[in-house]
> 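I'd like to ask some things about the structure below.
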Amino acid sequence: MISNRDMYFIDFDKLFENFADKYYNEHEDEYDSPDDFAKDLDKIYHAWATSPAQSLGGISPSEFFNHIPVTELVGILKESCIGDRNPNSLLFDRIATEPDLIDELQALALSSDDEKLLTVTMSLIAELGGADSSFYLEMTERDIADDVKEQCVEMLCDRADEARDDLLERAAQTDDVKKLALYAEPLTFCEKGDDDILAVLRRLLAEGDNIAYAAALMGRYGDERAADDLYPLLDTCNFAEFMEIRCAIEQLGGTVDDHYRDFSDDPLYRVLKGNNKK
């Protein structure tokens, strides 16, 4: 068993790059172009991962990672995200075969403030089948990067029915419009016709500063009653909002005349029509 911990952080991407360069030089006449060669990269990567490497003591990169004790994998993942380091795909693949690590990975996600580590950890949790809705709800409450938070919202959308009650409770308790929008989006994947969900969407439309987004959520949810809230906004909205509101109304079974209003002075309308001049 390999015991030198520093070897865990060898630049495996560079090792593969060297392997691929050598392979290309030896098989260049088999390819019409570098793009043609790129189509074979998965096959070449597999060959590299399963070939003995002198730098690893004569075992293959895959064997190298298979030798790492399960209890050390998450610790190595953390160290692989320090500074300029990046976890390589073989470490990712190895962790993704260990479902018993899901609790440790969730604990790491809930405690880490490092964006790189959070992104990788969330991907591994998803690869292992994901967590329950309570984990993703807790993650959305953290002060973390927006893209990680958006990933959590996407996972909640997939678990909308499971998360419904918690989402409604949090929506009722928050005065933060951004959080309200975060809770509202997964709720639109629940069964339509729910009075409580419609109330959240109506509140977001009334209190939020993004009419187009709130309208889009209403359209997705599909409760025809929401059209009554959207029609009056057509008289005062800008052109970008108009397009989103009209689309939502149509999703809800209503209709809006294309020439409902004159938007000839609206900057976006003028750009779309190819007329930027006054």
Side-chain angles (χ1 to χ4, degrees), residues 122 125-126 129-261 263 266 268-269:
M122 293 299 294
I125 291 171
D132 60 26
S133 61
S134 61
F135 166 74
Y136 295 109
L137 280 165
E138 192 169 350
M139 286 294 295
T140 62
E141 300 294 342
R142 298 199 60 214
D143 183 15
I144 53 178
D146 287 344
D147 59 338
V148 178
K149 193 168 290 194
E150 287 169 6
Q151 184 181 352
C152 293
V153 173
E154 289 176 9
M155 299 305 287
L156 285 169
C157 291
D158 291 337
R159 295 156 174 75
D161 291 329
E162 173 191 331
R164 174 193 173 279
D165 292 346
D166 285 333
L167 288 165
L168 286 173
E169 181 178 354
R170 290 169 188 250
Q173 293 175 351
T174 189
D175 293 325
D176 186 328
V177 173
K178 288 185 178 180
K179 285 188 176 182
L180 183 64
L182 183 153
Y183 304 140
E185 183 171 349
L187 286 170
T188 63
F189 288 87
C190 293
E191 185 176 354
K192 66 181 180 181
D194 187 313
D195 291 347
D196 293 330
I197 294 176
L198 182 59
V200 170
L201 296 175
R202 282 174 164 163
R203 182 181 160 204
L204 180 63
L205 185 69
E207 298 180 10
D209 57 3
N210 191 336
I211 292 174
Y213 178 67
L217 291 185
M218 284 182 158
R220 178 197 291 160
Y221 184 52
D223 190 318
E224 296 176 1
R225 294 175 293 175
D228 291 338
D229 301 89
L230 296 174
Y231 273 116
L233 300 177
L234 294 170
D235 295 328
T236 56
C237 64
N238 61 40
F239 184 65
E241 293 168 340
F242 177 84
M243 290 191 295
E244 199 66 65
I245 294 168
R246 181 179 65 184
C247 179
I249 289 173
E250 290 172 348
Q251 285 179 286
L252 297 171
T255 58
V256 178
D257 190 329
D258 286 343
H259 305 289
Y260 183 88
R261 280 177 54 201
F263 286 101
D266 186 287
L268 176 61
Y269 180 86

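This chain uses plain numbering: 1 for the first residue, then up along the sequence.
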> Hey, could you give me the CG/OG1 distance between L198 and T188, rounded to the nearest 0.5 Å?
12.5 Å
> From L230 CG over to L252 CG, what is the distance, rounded to the nearest 0.5 angstrom?
6.5 Å
> Does the side chain to side chain contact (heavy atoms under 4.5 Å, CB included) test come out yes or no for L234 and I249, once each step is laid out?
CA-CA 10 Å; L234 294 170; I249 289 173; 3.9 Å; yes
> For the residue pair R164 and D194, establish whether any side-chain heavy-atom pair is separated by less than 4.5 Å.
yes
> Heavy-atom count check: over 12 atoms from other residues, nucleotides or ligands less than 6.0 Å from E138 CD?
no
> For R202, is there any backbone N or O sitting under 3.5 Å from a side-chain donor or acceptor partner on D229?
no
> Which pair of non-hydrogen atoms, one from A226 and one from M218, has the smallest distance, and what is that distance?
CB-SD, 3.9 Å
> Quick one: does D165's side chain have a donor or acceptor within less than 3.5 Å of a partner on L168's backbone?
no
> Can any side-chain N or O of Y136 pair as donor or acceptor with the backbone N or O of K149 at less than 3.5 Å?
no
> So, for G193 and Y221, which heavy atoms are closest and what is the spacing to 0.1 Å?
N-OH, 3.2 Å
> What's the verdict on side chain to side chain contact (heavy atoms under 4.5 Å, CB included) for V200 and Y183, showing C-alpha distance, side-chain angles and the deciding distance?
CA-CA 9 Å; V200 170; Y183 304 140; 5.7 Å; no
> Would you please test Y213 and E244 for side chain to side chain contact (heavy atoms under 4.5 Å, CB included) and show each step?
CA-CA 8 Å; Y213 178 67; E244 199 66 65; over 6 Å; no
> Taking all non-hydrogen atoms of both residues, which atom of D257 and which atom of F242 are closest, and how far apart?
O-CZ, 4.0 Å
> Side chain of R261, backbone of C237: donor and acceptor closer than 3.5 Å?
yes
> For A131, does its backbone N or O pair with a side-chain atom of R159 as donor and acceptor, under 3.5 Å?
yes
> Determine the minimum heavy-atom distance between M139 and I144, stating which atoms define it.
O-CD1, 3.5 Å
> Quick check for you: to the nearest 0.5 Å, what is the distance between E191 atom CD and I197 atom CD1?
9.0 Å
> Quick one: are L268 and N238 in side-chain contact, heavy atoms under 4.5 Å?
no
> Hey, does L156 have a side-chain heavy atom less than 4.5 Å from the side chain of F189?
no
> Calculate, to the nearest 0.5 Å, the distance between atoms CZ and OH belonging to F263 and Y269 respectively.
9.0 Å
> Identify the heavy atoms of A163 and S133 that sit nearest to each other, and give their distance.
CB-CB, 3.7 Å
> Do D195 and R225 sit within salt-bridge range, that is, some charged N less than 4.0 Å from a carboxylate O?
yes
> Nearest heavy-atom pair of E207 and L180: which atoms, and what distance?
OE1-CD2, 4.4 Å
> Test side chain to side chain contact (heavy atoms under 4.5 Å, CB included) on L137 and L167 and set out the steps.
CA-CA 8 Å; L137 280 165; L167 288 165; 3.6 Å; yes
> Are the side chain of E241 and the backbone N or O of I211 linked by a donor-acceptor pair below 3.5 Å?
no
> Using distance only, find each side-chain donor-acceptor pair of residues 170-177 under 3.5 Å and give its atom names and separation, not counting sequence neighbours.
residue : atom : partner : partner atom : Å
R170    : NH1  : E141    : OE2          : 3.0
T174    : OG1  : D176    : N            : 3.0
D176    : OD1  : K178    : N            : 2.8
D176    : OD1  : K179    : N            : 3.4

